[in-house]
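These figures come from a predicted structure and were not determined experimentally. Chain naming here is simple, since letters A, B, ... match the order of the sequence lines and numbering starts at 1 in each.
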Amino acid sequence: MSKLGLIEDLKARGLIAQTTSEEELVKHLDAGCVTLYCGFDPTADSLHLGHLVPLLMLKRFQDYGHRPIALVGGATGLIGDPSFKAQERQLNSAEVVQEWSSCLKHQISQFIEFNDDGGAILANNYDWTASVDVLSFLRDIGKHFTVNKMISKESVKQRIDRDGEGISFTEFTYQILQSYDYQKLNEMYDCTLQIGGSDQWGNITGGIELVRRMNGKSVHALTLPLITKSDGTKFGKTEGGAVWLDPKKTSPYAFYQFWLQTPDADVYRFLKFFTFLSVDQIDQIERQDKEREGRPEAQRILAEEVTRLVHSEEALVAARRITEALFSGDHSSLDANDYAQLQLDGLPASAVPAELAELPLTTLLTEAGVATSGKQVKDALQRSAVFINDQVCSLDQNMSAVSLFTKDNARFGRYFLVKLGKKKHHLFYLVP
RNA sequence: GGUGAGGUUCCCGAGUGGCCAAAGGGAUCAGACUGUAAAUCUGACGCGCGAGCUUCGGUGGUUCGAAUCCACCCCUCACCA
């Protein structure tokens with residue numbers, strides 16, 4: 001069985017939304033090592049799940065012998081991409097963008113092999129954009145763009161056509177900046193392919209044209225589909241907001257849990273998007289799940305693969321350890337060391353406050369981050385969905401935190417495993 | 001600069017003097033059912049354990065009483081200049 005061609009494999013995974021002439025792209029990729037890039041704008045201090053697919057895509061290319069450039073948008077991040085955004089965005093300060101840029105840089109470098117000889121490249125468009133003066137920008141770059149074309153792009157159309165919205169010149173200029181990146185990278189590194197989300201098509205083709213005009217080169221584009229969920233809700237969100245790649249923002253345990261809860265209707269597609277398992281392997285998993293009936297294996301495999309990929313084998317082991325301890329239904333098997341380990345493994349944990357007398361459970365749990373408001377805790381209490389060390393708590397006990405969190409009730413004189421609903425767990429411990 | 005239309009709770013979107021913490025939908029959370037899935041049904045959904053407290057772009061005003069009326073201001077959009 002011979003290895004699929006890169007483009008064939010990507011197609012089989014459903015990872016291609018659009019490309020420039022596929023025939024030429026395939027030929028180009030077959031001809032040797034191609035340098036390609038994908039940009040990531042610093043819109044937060046960490047990448048999130050939405051960035052994972054393009055990031056993995058760079059890796060897929062690298063695995064096929066190509067050279068990826070991960071571009072951090074230190075400059076474009078100062079402007080804000082208007083593509084398919086309904087509203088003008090708030091500008092972040094230069095310091096903040098700077099700070100976030102270095103966060104992303106650090107994060108990306110953990111994903112892709114960056115070594116000197118022919119390895120991947122990490123770049124920042126601030127390096128070549130910041131020093132361009134206005135007049136040069138307008139004369140040398142701006143002259144290649146017609147406003148007619150810029151406003152006809154689908155990505156800014158709703159901002160221009162729709163009543164009640166507008167677009168500032170600042171954001172409107174974004175597509176020129178991104179085009180300039182492509183031109184620069186082509187010039188500096190002979191970069192001939194840009195990849196990005198399907199919303200980037202307009203920006204990318206702008207770049208292709210600029211490269212042709214300024215460098216006289218014909219370059220390529222490939223976009224990835226937007227990841228959708230079968231129920232129509234947004235992918236990559238949990239109660240706490242986005243799922244981050246930074247383990248300090250989303251713990252490996254929470255990350256693992258996120259994938260474990262993937263709906264059946266999405267799980268095989270996600271395996272193709274987010275793992276390096278071959279399409280054949282994934283199809284086989286799907287077949288076996290169907291034959292077996294009952295609970296599928298796919299979610300577990302997906303969670304394991306992606307957690308290992310984004311975090312590490314150790315983080316995965318820890319996440320599984322917590323999961324097993326919490327969801328096996330029997331906490332009595334845990335010994336004192338296990339509790340300590342749960343905390344080390346990243347199960348959310350807090351100290352029991354010293355002053356409990358005046359503290360309702362609602363406040364206690366909200367402050368610990370188990371729920372976002374007292375109302376939620378109250379609702380859960382009312383429905384018998386709050387457990388402390390497997391003991392149900394009622395609404396009457398809301399004010400009785402003192403008698404619940406006693407040394408006598410604690411496991412090993414120290415620990416309280418609090419459960420809210422079926423999935424939220426939190427470890428409280430007494431401070432001696 | 002002129003004219004017109006707008007700014008409502010996470011989002012969309014009703015509400016034009018008391019019955020409004022504000023219809024409806026979406027999202028979200030919890031319960032039942034399940035497989036830590038989906039679908040369905042139920043409940044919650046500004047904050048607070050509670051008494052109660054704080055909201056409808058901003059500031060003042062009218063009124064016993066304002067999201068609703070008045071004045072000024074800020075912001076957005078459209079058309080005109």
Task: With T20(A) via side chain to side chain contact (heavy atoms under 4.5 Å, CB included) - residues at least two apart - done: W201(A), I208(A), H220(A), A221(A)
Task: Lys/Arg cation over aromatic F276(A): R60(A), 6.0 Å, 45° cone - done: yes
Task: Test item: D266(A) side-chain N/O and S230(A) main-chain N/O as donor-acceptor pair under 3.5 Å - done: yes
TODO: Using the C1' atoms only, state how far C20(B) lies from G15(B), rounded to an integer number of Å.
DONE: 9 Å
- [ ] Could you note down all residue pairs passing side-chain hydrogen bond (donor to acceptor under 3.5 Å, both in side chains) where residues 134-148 of chain A supplies at least one of them, sequence neighbours left out?
- [x] D133(A)-S136(A)
- [ ] Sticking with atom P, work out how far A30(B) lies from C47(B), rounded to a whole angstrom.
- [x] 16 Å
Task: Rounded interatomic separation in angstrom, taking CD from Q261(A) and C1' from C29(B) - done: 13 Å
Open item on the list: Nearest whole Å is fine: how far is A38(B) P from F270(A) CZ?
Closed with: 12 Å
Task: Closest to side chain of D264(A), choosing from A37(B), G31(B), U36(B) - done: A37(B)
Open item on the list: At 4.0 Å (heavy atoms only), tell me whether A385(A) reaches a base, stays on the sugar-phosphate, or touches nothing.
Closed with: sugar-phosphate
Task: Euclidean distance, atom CD of residue E171(A) to atom P of U76(B) [Å, nearest integer] - done: 13 Å
Task: 5′-ward residue of the pair R295(A)/S384(A) relative to RNA chain B - done: S384(A)
Open item on the list: Taking A14(B) as the reference, what is the distance to G6(B) when you measure between their P atoms (whole Å, please)?
Closed with: 11 Å
TODO: Look at the side chain of Q299(A) and the base of U36(B), then say whether one donor and one acceptor between them are separated by less than 3.5 Å.
DONE: no
TODO: Compare side-chain N and O positions of K423(A) against OP1 and OP2 of G35(B) and report whether any pair is under 4.0 Å apart.
DONE: no
Protein-nucleotides 32-34 of chain B N/O pairs under 3.5 Å:
unit_1: C33(B); atom_1: N4; unit_2: K422(A); atom_2: NZ; d: 3.3
unit_1: U34(B); atom_1: O4; unit_2: K422(A); atom_2: NZ; d: 2.5

Open item on the list: Base, sugar-phosphate or nothing for K229(A)? Non-hydrogen atoms, less than 4.0 Å.
Closed with: nothing
Open item on the list: Please report the distance, rounded to the nearest Å, between CZ in F235(A) and P in A27(B).
Closed with: 18 Å
TODO: Would you give a per-nucleotide map of nucleotides 43-50 of chain B, 5' to 3', where B means the base has a protein non-hydrogen atom under 4.0 Å away, S means only the sugar-phosphate does, and - means neither?
DONE: B---BBBS
Task: Pairwise P distance, U68(B) and G58(B) [rounded to whole Å] - done: 10 Å
Open item on the list: Quick one: does any side-chain atom of T363(A) pair with a main-chain N or O of L359(A) as donor and acceptor, under 3.5 Å?
Closed with: no
Open item on the list: Under the rule for side chain to side chain contact (heavy atoms under 4.5 Å, CB included), what residues qualify as partners of P54(A), not counting sequence neighbours?
Closed with: C38(A), F40(A), L224(A)
Open item on the list: Using the P atom as the point on both nucleotides, what is the distance between A38(B) and G46(B), in whole Å?
Closed with: 25 Å
Task: Whole angstrom value for the distance that separates P of U36(B) from CD of E324(A) - done: 14 Å
- [ ] Quickly work out the I167(A) CD1 to C75(B) P distance and round it to whole Å.
- [x] 20 Å
Open item on the list: Under the criterion salt bridge (Lys or Arg N to Asp or Glu O under 4.0 Å), I'd like the reasoning laid out for R308(A) against E305(A): C-alpha separation, chi angles, the key distance, then a yes or no.
Closed with: CA-CA 5 Å; R308(A) 187 185 296 122; E305(A) 290 293 323; 3.5 Å; yes
Open item on the list: Pick the closest RNA chain B nucleotide for Q257(A) and for L420(A) by heavy atoms, then say which residue is nearer the 5' end.
Closed with: L420(A)
- [ ] In whole angstrom, give me the gap between the C1' atoms of C56(B) and C11(B).
- [x] 16 Å
- [ ] Classify the angle between the aromatic ring planes of F255(A) and W259(A) as parallel (below 30°), tilted (30 to 60°) or perpendicular (above 60°).
- [x] perpendicular
Open item on the list: Test of understanding: with salt bridge (charged side-chain N to carboxylate O under 4.0 Å, His left out), list the residues that count as partners of K419(A), not counting sequence neighbours.
Closed with: none
Task: Phosphate-side-chain proximity, K424(A) and U36(B), N/O vs OP1/OP2 below 4.0 Å - done: no
- [ ] Evaluate the ring planes of F274(A) and F270(A), with Trp represented by its six-membered ring, and classify them as parallel (under 30°), tilted (30 to 60°) or perpendicular (over 60°).
- [x] perpendicular
Open item on the list: When both hydrogen-bonding distances must be under 3.5 Å and the geometry is Watson-Crick or G-U wobble, what is C47(B) paired with, if anything?
Closed with: G52(B)
- [ ] Provide the distance between the two C1' atoms, one in A71(B) and one in A22(B), to the nearest whole Å.
- [x] 26 Å
- [ ] Indicate, with a heavy-atom threshold strictly under 4.0 Å, whether Q382(A) touches base, sugar-phosphate, or nothing.
- [x] nothing
Task: Straight-line distance of D199(A) CG to S155(A) OG, nearest 0.5 Å - done: 8.5 Å
Task: K234(A) NZ to U28(B) P, straight-line distance once rounded to whole Å - done: 12 Å
Open item on the list: Without decimals, in angstroms, what is the distance between Y268(A) OH and A37(B) C1'?
Closed with: 10 Å
